[in-house]
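The shown structure was predicted, so the numbers you read here are calculated from the model rather than taken from an experiment. Quick note: numbers below take in every heavy atom, side chains included, and nothing from hydrogens, waters or symmetry partners. All chains are named by letter (A, B, ...) in the order of the sequence lines, taking the proteins before the strands, and each is independently numbered beginning at 1.
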Number of protein chains: 2
Amino acid sequence: MSAAQRVEQALGYLEGRWKLVILFQLFGGKVLRFSELERAIPAISQKMLTQQLRQMEQDGMVRRIVYPEVPPRVEYCLTDWGQALCPTLDSLLTWAEGRDLAAKPSE
Amino acid sequence: MSAAQRVEQALGYLEGRWKLVILFQLFGGKVLRFSELERAIPAISQKMLTQQLRQMEQDGMVRRIVYPEVPPRVEYCLTDWGQALCPTLDSLLTWAEGRDLAAKPSE
DNA sequence: CAGTATCCACTGAGATACTG
DNA sequence: CAGTATCTCAGTGGATACTG
């Protein structure tokens with residue numbers, strides 16, 4: 001597998017309109033319920049929130065904890081691997097800032 | 001602008017089916033002609049190669065050099081900013097490897 | 001050689017309504 | 001509360017043919 005393909009796969013984990021937003025909500029070890037995430041990200045639809053969370057769970061970035069109660073309670077938090085993404089995203093931010101500095105002021 | 005949005009924009013520069021592949025072809029200061037890129041990436045169509053290169057040029061990652069000759073010659077290389085992405089992609093690779101190590105052997 | 005120009009299929013994502 | 005189930009539409013990318 002080429003480096004390009006491997007990076008492509010890595011990026012795949014981050015693709016999806018809302019994954020980064022969710023990620024940032026959960027960074028720092030925060031634990032949030034489904035409805036709390038909905039409130040924290042007003043623009044997202046239930047369908048999208050569920051879908052993205054499911055994918056992130058499958059990918060191993062997010063842990064889903066279901067409490068067998070009525071009414072149902074489900075909590076989400078990052079796995080260690082999910083948390084580990086933080087410095088990499090920082091690196092990405094720093095790189096992106098370099099663009100502006102290099103004389104391409106946002107067009 | 002939130003951190004999530006800024007990272008999202010940064011990822012935007014990398015999105016597109018072929019940008020990473022092109023990036024890896026040009027890493028290390030390589031200078032390639034259009035046809036050389038085509039040959040290096042057999043699966044890509046002309047349309048896609050042109051489109052991705054144009055976007056990367058607009059984003060400031062790639063420099064396009066046209067020689068006013070007949071037949072036409074056009075060369076592509078990375079800008080300094082494009083080159084600067086290399087360590088960040090490494091960081092991403094390292095993170096992605098952490099997934100496998102953490103007991104999710106590729107599903 | 002280094003592109004444009006079309007047409008087409010597929011997917012991602014939004015809106016809406018319903019449920020255990 | 002925390003989801004599923006549909007429907008729909010726009011955007012991406014692929015295949016193919018043409019051109020300065």
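D:dG3 atom C1' lies 13 Å from atom CD of A:Q51, rounded to whole Å. Separating the CZ atom of A:R17 from the P atom of C:dG14 is a distance of 6 Å, rounded to the nearest angstrom. Taking atom CD of B:Q55 as the reference point, atom C1' of D:dG13 lies 11 Å away to the nearest angstrom. At whole-Å resolution of the value, CD in B:E57 and C1' in C:dA2 are 14 Å apart. The CD1 atom of B:I44 sits 16 Å away from the P atom of D:dT12 (whole-angstrom rounding). Atom pair A:M48:CE and C:dA15:P shows a separation of 10 Å (rounding to whole Å applied). In this structure, the CG atom of A:L20 is 12 Å from the P atom of C:dA13, given to the nearest Å. Following rounding to the nearest Å, A:E75 (CD) and D:dA2 (C1') show an atom-to-atom distance of 13 Å.
For DNA chain D, the residues of residues 28-41 of chain A within the heavy-atom distance limit of 4.0 Å (strictly under) are A:R33, A:F34, A:S35, sorted by number.
When the nucleotides D:dT4, D:dG14, C:dA2 are ranked by their closest atom to the side chain of A:Q46, D:dT4 comes out on top. Taking the side chain of A:R54 as heavy atoms from C-beta on, and the options C:dC1, D:dT4, D:dG13, the nearest nucleotide is D:dT4. Closest to the A:T50 side chain, of the nucleotides D:dG20, D:dT4, D:dG13, is D:dT4. In this structure, the nucleotide among D:dG13, C:dG14, D:dC1 sitting nearest to the side chain of B:Q52 is D:dG13. For B:K47, whose side chain is taken as the heavy atoms from C-beta onward, the closest listed nucleotide among D:dG14, C:dA15, D:dG3 is D:dG14.
Counting only heavy atoms from C-beta outward, the side chains of B:Q55 and B:K19 approach each other to under 4.5 Å. Contact of the A:T88 side chain with the B:T94 side chain is not registered, since no non-hydrogen atoms from C-beta on lie closer than 4.5 Å. Side-chain atoms of A:M56 and A:Y76, non-hydrogen and from C-beta on, never get closer than 4.5 Å to each other. No side-chain heavy atom of B:W18 sits under 4.5 Å from any side-chain heavy atom of B:L49. By the 4.5 Å heavy-atom criterion applied to side chains, A:Y13 and A:L85 are not counted as neighbours.
At a threshold of 4.0 angstrom between heavy atoms, the contacts of B:Y67 with the nucleic acid are absent.
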- Message: As a quick check of understanding, evaluate side-chain contact (heavy atoms from CB on, under 4.5 Å) for B:R6 and A:E97, giving each step before the final call.
- Response: CA-CA 9 Å; B:R6 287 170 43 235; A:E97 274 159 24; 2.9 Å; yes
- For A:E57 and A:R54, what are the C-alpha separation, side-chain angles and deciding distance, and is it a side-chain contact (heavy atoms from CB on, under 4.5 Å)? CA-CA 5 Å; A:E57 190 194 356; A:R54 287 287 183 288; 4.1 Å; yes
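OP1 or OP2 of D:dG3 sits under 4.0 Å from a side-chain N or O of A:R64. At C:dG3, none of the side-chain N or O atoms of B:R73 fall inside 4.0 Å of OP1 or OP2 (strictly under the cut-off).
Linking ILVMFWY side-chain heavy atoms closer than 4.5 Å, directly or via other members, places B:V70 and B:Y67 in two distinct hydrophobic clusters.
Checked options B:L37, B:V74, B:I22; the residue passing with B:L32 is B:L37 (criterion: side-chain contact (heavy atoms from CB on, under 4.5 Å)).
B:W95 and A:W81 have parallel rings, their planes meeting at less than 30° on a 0 to 90° scale where 60° marks the start of perpendicular.
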- Given the rule that a pair is Watson-Crick or G-U wobble with both distances under 3.5 Å, how would you write DNA chain D in dot-bracket, using | for pairs to a different strand? ||||||||||||||||||||
